[in-house]
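Remarks on the structure that follows.
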Amino acid sequence: MKKRIVCLTLALMMTAAQVVSVSASREDELREEQAATSAQLDATYAQIDQLYSAKQQLQDEINTLDANLVNVMVSIQTLEGDISNKQADIEQTQADLQKAQNAKDKQYAAMKQRIQYLYEKGGSEAWFQMMMSADNLSDLLTKAEYTQKMYDYDRKSLETYANTIEQVTNLGNQYQQEKSELEGMKQEYEAESANLQTQIDTKKANSADCDNEIAYAQEMANEYANLIQEQQAEIEQLEAERIAAEEEARRQAEAEAAAAAAAEEAAQQEDQTVYDEEGNEVDADEAAENGDTVYDKEGNEVDPSEVTSSDDGVEYDEYGNVIDSDNTVDPDSVSSSSGSSSSSGSGSSIVDYATQFVGNPYVWGGTSLTGGADCSGFTQSVYAQFGYSLPRTSYEQQNWGTEVSYADAQPGDLICYGGHVAIYMGNGQIVHASNSRDGIKISNDATYRTILSVRRPS
């Protein structure tokens with residue numbers, strides 16, 4: 001009986017549900033549209049996040065380029081000072097050369113006068129005249145010794161002045177070469193400065209493009225957000241209307257089901273009336289328990305178990321489904337379970353290693369000892385072979401290790417200049433990646449430029 005009533009109620013409710021199917025269909029469409037709009041909004045916000053990240057990365061790169069540009073400009077100023085000092089050295093050597101040349105000319109002129117006097121007083125017979133004019137042997141020897149001393153003096157003086165002129169000339173050539181190298185480095189730094197400025201301008205332009213894209217994406221996000229609000233408002237309105245219609249349909253269905261159940265129950269009660277052989281009304285349940293023979297009102301024999309009001313002890317849930325007690329799991333009996341489940345080296349070793357790459361090319365920004373390296377890339381790669389981790393740029397390497405004075409410099413120390421760095425070899429020599437013209441080379445004068453710092457590995 002109970003099962004039939006429940007089934008009837010469900011049928012009436014399903015019929016009522018059809019009343020609101022059109023509203024529910026539109027609501028589903030709106031939810032799908034809202035989900036698509038929400039996905040577009042999420043994608044737009046993700047794009048904005050990416051644009052902000054790209055803009056921040058560009059700003060970081062701009063800041064780094066600005067710092068590099070400042071360092072390059074400082075290096076250019078330092079080089080200009082070194083070039084000016086080198087020009088002063090060149091001018092001084094030229095002055096020294098002129099003095100030595102003048103002294104040599106004077107000595108040479110004096111010597112010519114003495115030679116001329118000697119010949120004028122005797123020509124090729126000067127020695128004979130000297131002998132004849134001597135008062136005695138001692139006087140002769142004295143005159144001969146004096147003449148020899150004058151000759152030795154003149155020769156020694158001329159040789160001294162010639163050596164001085166050669167030394168000053170060599171020094172002047174050295175200064176001129178060093179000035180040329182400094183001017184070449186200045187040109188490279190100026191080119192790098194222009195390159196850095198171009199990169200900065202390009203990245204600033206890209207950053208401005210990011211701002212425009214962010215503004216457009218934000219505008220689209222606002223439109224998507226407004227559309228989602230409009231869709232949500234319409235969904236809520238349709239949902240409210242659907243709920244009201246379902247409630248009304250359910251109320252009507254329940255009322256109809258109650259009336260139908262009452263009629264069914266009355267008919268069932270009438271059908272359940274049974275009689276014994278004498279025509280007396282008896283209880284069908286008791287007759288079924290006792291095994292009595294019973295009859296319906298027409299006198300036909302019936303099985304009392306088929307007309308009992310107990311529905312044969314079968315239980316149903318609220319949806320009319322049979323409850324099978326044998327196959328129903330007791331919630332209290334369910335238990336939860338969980339599963340478990342490079343080496344260091346001496347300064348001389350560093351120098352020996354570094355000098356084997358002399359002659360290899362200089363490449364701005366390079367770190368290859370064979371394919372090309374700049375000054376800091378060269379020192380970084382050399383020291384890496386001995387377990388030292390140097391910073392990448394010459395400016396950072398000026399603060400690496402332990403500072404010592406140039407007077408205490410040892411082989412393997414770093415000699416730091418403005419925008420340049422080299423490895424000290426001892427005896428005033430350095431090995432370094434000089435410039436694109438000379439490549440990796442050995443220079444005999446570590447003080448050819450202003451030394452800013454000497455750093456020792458620690």
Side-chain angles (χ1 to χ4, degrees), residues 1-60 203-265 315-324 327-329 331 334 336 338:
M1 169 65 74
K2 182 177 180 182
K3 180 178 180 180
R4 286 192 291 271
I5 294 175
V6 171
C7 290
L8 179 59
T9 303
L10 288 174
L12 291 172
M13 291 177 66
M14 290 176 63
T15 303
Q18 296 177 356
V19 177
V20 294
S21 61
V22 176
S23 176
S25 177
R26 174 56 183 159
E27 186 179 338
D28 291 340
E29 291 178 359
L30 279 172
R31 290 189 185 278
E32 291 178 0
E33 293 175 2
Q34 187 184 47
T37 306
S38 180
Q40 291 176 321
L41 179 61
D42 292 340
T44 303
Y45 280 137
Q47 181 184 8
I48 291 174
D49 290 340
Q50 292 176 354
L51 289 170
Y52 272 120
S53 298
K55 180 182 177 182
Q56 184 60 50
Q57 181 178 355
L58 285 171
Q59 187 59 52
D60 293 341
K203 292 186 182 299
K204 284 183 176 180
N206 293 338
S207 179
D209 291 340
C210 284
D211 288 335
N212 294 333
E213 292 182 17
I214 289 172
Y216 176 74
Q218 189 61 59
E219 182 180 351
M220 294 300 299
N222 293 337
E223 292 181 3
Y224 288 139
N226 293 335
L227 180 57
I228 289 174
Q229 291 180 352
E230 294 174 0
Q231 291 169 336
Q232 184 62 32
E234 187 174 356
I235 288 173
E236 291 176 356
Q237 180 180 356
L238 290 174
E239 187 176 31
E241 294 174 354
R242 175 179 56 79
I243 292 173
E246 288 177 351
E247 288 296 330
E248 178 61 23
R250 183 179 296 108
R251 186 190 63 78
Q252 294 179 359
E254 289 176 352
E256 294 176 1
E264 177 69 17
E265 186 176 0
E315 296 182 60
Y316 301 90
D317 61 17
E318 58 181 317
Y319 304 107
N321 301 312
V322 176
I323 299 176
D324 186 355
N327 294 317
T328 301
V329 178
V334 179
S336 62
S338 61

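Atoms CE and CG, from Met220 and Asn222 in turn, are 10.0 Å apart once rounded to the nearest 0.5 Å. Rounding to the nearest 0.5 Å places CG of Asn206 at 11.0 Å from CG of Asp211. Atom CG of Leu30 sits about 9.5 Å away from atom CD of Glu32, to the nearest 0.5 Å. The distance from atom CD of Gln57 to atom SG of Cys210, rounded to the nearest 0.5 Å, is 9.5 Å. Atom-to-atom distance recorded for Gln50:CD and Glu213:CD is 11.0 Å, nearest 0.5 angstrom.
Gln232 and Glu236 share a side-chain donor-acceptor pair at under 3.5 Å. In the model, Gln56 has a side-chain atom that pairs as donor or acceptor with a side-chain atom of Asp60 under 3.5 Å.
When atom types are taken as modelled, the side chain of Thr44 and the backbone of Gln40 share a donor-acceptor pair closer than 3.5 angstrom.
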Go through the steps for Lys55 and Leu51 under the test side chain to side chain contact (heavy atoms under 4.5 Å, CB included), then give the verdict. CA-CA 6 Å; Lys55 180 182 177 182; Leu51 289 170; over 6 Å; no
Test side chain to side chain donor-acceptor pair (under 3.5 Å) on Gln252 and Glu256 and set out the steps. CA-CA 6 Å; Gln252 294 179 359; Glu256 294 176 1; over 6 Å; no
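The shortest non-hydrogen separation linking Ser207 to Leu58 is N-CD1, 3.6 Å. For Leu41 against Ala221, the heavy-atom pair with the smallest separation is CD1-O, 3.4 Å. The two residues Thr37 and Tyr224 come nearest to each other via the heavy atoms CG2-O, 3.6 Å. Contact between Gln34 and Ile228 at its shortest, heavy atoms only, is NE2-O, 3.5 Å.
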